[in-house]
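Note that the structure is a prediction, hence the values are computed from the model and not measured. Just follow the structure's listing: the first ligand is 1, and inside any ligand the first atom is 1.
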Amino acid sequence: MEFDHILIRYGEMALKGKNRKKFYSKLQDNLRNLLAAFPEVKVKRTQGRMFVQLHGQDPNPVMDICKEVFGIQSLSLAIKVANDDQQIKDAALYALKNSVETKTFKISVKRIDKSFPIRSQEFNREVGAYLLVNSNGYTVDVHQPDLDMKIEIRTEATYITSEVIKGAGGFPVGTSGKSLLLLSGGIDSPVAGYLAMKRGVAIEAVHFHSPPFTSERAKQKVLDLASELTNYGPSIKLHIVPFTKLQQLVFQHMPDRYSMTIMRRMMLRVSEEICKKESILSMTTGESLGQVASQTMESMNCINEVTNYPVIRPLITMDKLDIIDISRKISTYDISIRPFEDCCTIFVPKAPKTKPKREKVSYFESTINFDDLIQEAVEETEVIKITKESQEEQYEDLF
Ligand code: ATP
Ligand code: MG
């Protein structure tokens, strides 16, 4: 006897009426992709239920992955048996003995297949009595049990589920369209990407790279961050924009105190061009209100002027410490704190303007032709596909 299934319960998406089918098949696809390292594991859908069939695979590593998949509200290990009362009782006994930190339990039978001869209430009592007789140290508590064991007798088979484990919540990645994540090497932007993905957004990423001022190792950091994000969704198309010429033009010709604001505006302009090319409808950044000079209300007002594409800022009201907690949880923190320079840290003015004005910025920018260099940067952008496999290859290189 062993747990041979994981039962998947849907989250918020169960509410989404017409779109429901699309959501379920996306979740199924995403689960399949994220579980690709276990070829024997299958993801199946029956009426109103999704199951991961383990086919002999150890449930623990599979469960660990499933717990992080967006769109799942909760999960339970389950045993599938024939609709036979003795087999059901034995499976229930196994599930009880293998559940963690359980002293009290309750049995909840749901008899969907009415041809099963024993009625739910009666079978509840029969199974409960069987477990008490054949085990030690457990008692029944119908009000607040440690384990509420569900026995679902369906036409094709009976499923016995163990404890309910919380899932990642959110929507399946890809059900809320796509956004272009501005991915720096810092702590915030990968967390922003993760939170957007949690809301069902698929991600492409753009990174502004300024060689020789920023090194190959700084670029590698961004590849590694993008790679971590593939743990939560499909492969990520990463656009690496050569930013040196634009940055130099800004820093040579724009007033020092405005250079940071103008550089940010260039980033959004290039990003919008990439969005158009890739049919992406929004951008996502790791900005958090008041964190640095570019993230004051005035700066955001000024920077945002150059695009009317929606800019999603999942971290806008979050404190740094809360952002760090998430970055630790999603394993991006250790990569983000590697001490390599970013294009924004190289060209920082000594005293960037914290309250820039739109009129002034527009005036300064009108004195120089930036458009050609923006086009050139877009044309010379390098595209790298980041997949889960590329992550594994990198790890192999380490050993
Ligand atoms: P992060 O930790 O994400 O770098 P930060 O607090 O350092 O953020 P800034 O450096 O002001 O803040 O950047 C704000 C946002 O602008 C970032 O979260 C990111 O979305 C975007 N950004 C900054 N630098 C780059 C870059 N080199 N390439 C792509 N996006 C960038
Ligand atoms: Mg930064």
Any N or O on Asp188 sitting closer than 3.5 Å to an N or O of ligand 1? yes
ask   = Does an N or O from Gln295, backbone or side chain, lie closer than 3.5 Å to an N or O of ligand 1?
value = yes
**Message:** Looking only at side-chain N and O atoms, does Ser162 offer a donor or acceptor that is under 3.5 Å from a partner on Ser99?
**Reply:** no
Salt bridge between Asp148 and Lys150, side-chain N to carboxylate O under 4.0 Å? yes
Ligand 1 to Val206, heavy atom cutoff 4.0 Å, flagged ligand atoms 29 (C)
Thr285 heavy atoms within 4.0 Å reach ligand 1 at atoms 20 (O)
A student checking ligand 1 against Met267 at a 4.0 Å heavy-atom cut-off should list atoms 24 (N), 25 (C), 26 (C)
Pro190, any N or O under 3.5 Å of ligand 1 N or O:
no
### Task
Please confirm whether Ile187 comes within less than 3.5 Å of ligand 1 when only nitrogen or oxygen atoms on both sides are compared.
yes
Closest to atom 17 (C) of ligand 1 by heavy-atom distance, out of Ser299, Ser336, Gly286, is Gly286
Would you please indicate yes or no on a ring centroid separation below 6.0 angstrom for Tyr194 and Phe70? yes
So the atoms of ligand 1 within less than 4.0 Å of a heavy atom of Gly186 turn out to be 1 (P), 2 (O), 4 (O)
The answer for which part of Leu181 has a heavy atom under 4.0 Å from ligand 1 is neither
- prompt: Do His5 and Tyr159 have ring centroids that are under 6.0 Å from one another?
  reply: yes
Do Gln247 side-chain atoms and Met263 backbone N/O form a donor-acceptor pair below 3.5 Å?
no
Q | N-O pairing of Arg328 and Asp334 below 4.0 Å | A | no
Requested in this report: Consider ligand 1: state whether an atom of it lies below 4.0 angstrom from any non-hydrogen atom of His209.
Outcome: no
Does Ser176 use its side chain to pair, donor to acceptor, with the backbone of Arg199 at less than 3.5 Å? yes
Please state whether the rings of Phe23 and Phe171 are parallel, tilted or perpendicular, taking 30° and 60° as the class boundaries. perpendicular
_Main chain of Thr104, side chain of Thr102: is a donor-acceptor contact present, judged purely on distance under 3.5 Å?_
no
Any N/O of Ser184 closer than 3.5 Å to an N/O of ligand 1?
yes
Among His239, Met263, Arg264, Met260, closest by heavy atom to atom 9 (P) of ligand 1 is Arg264
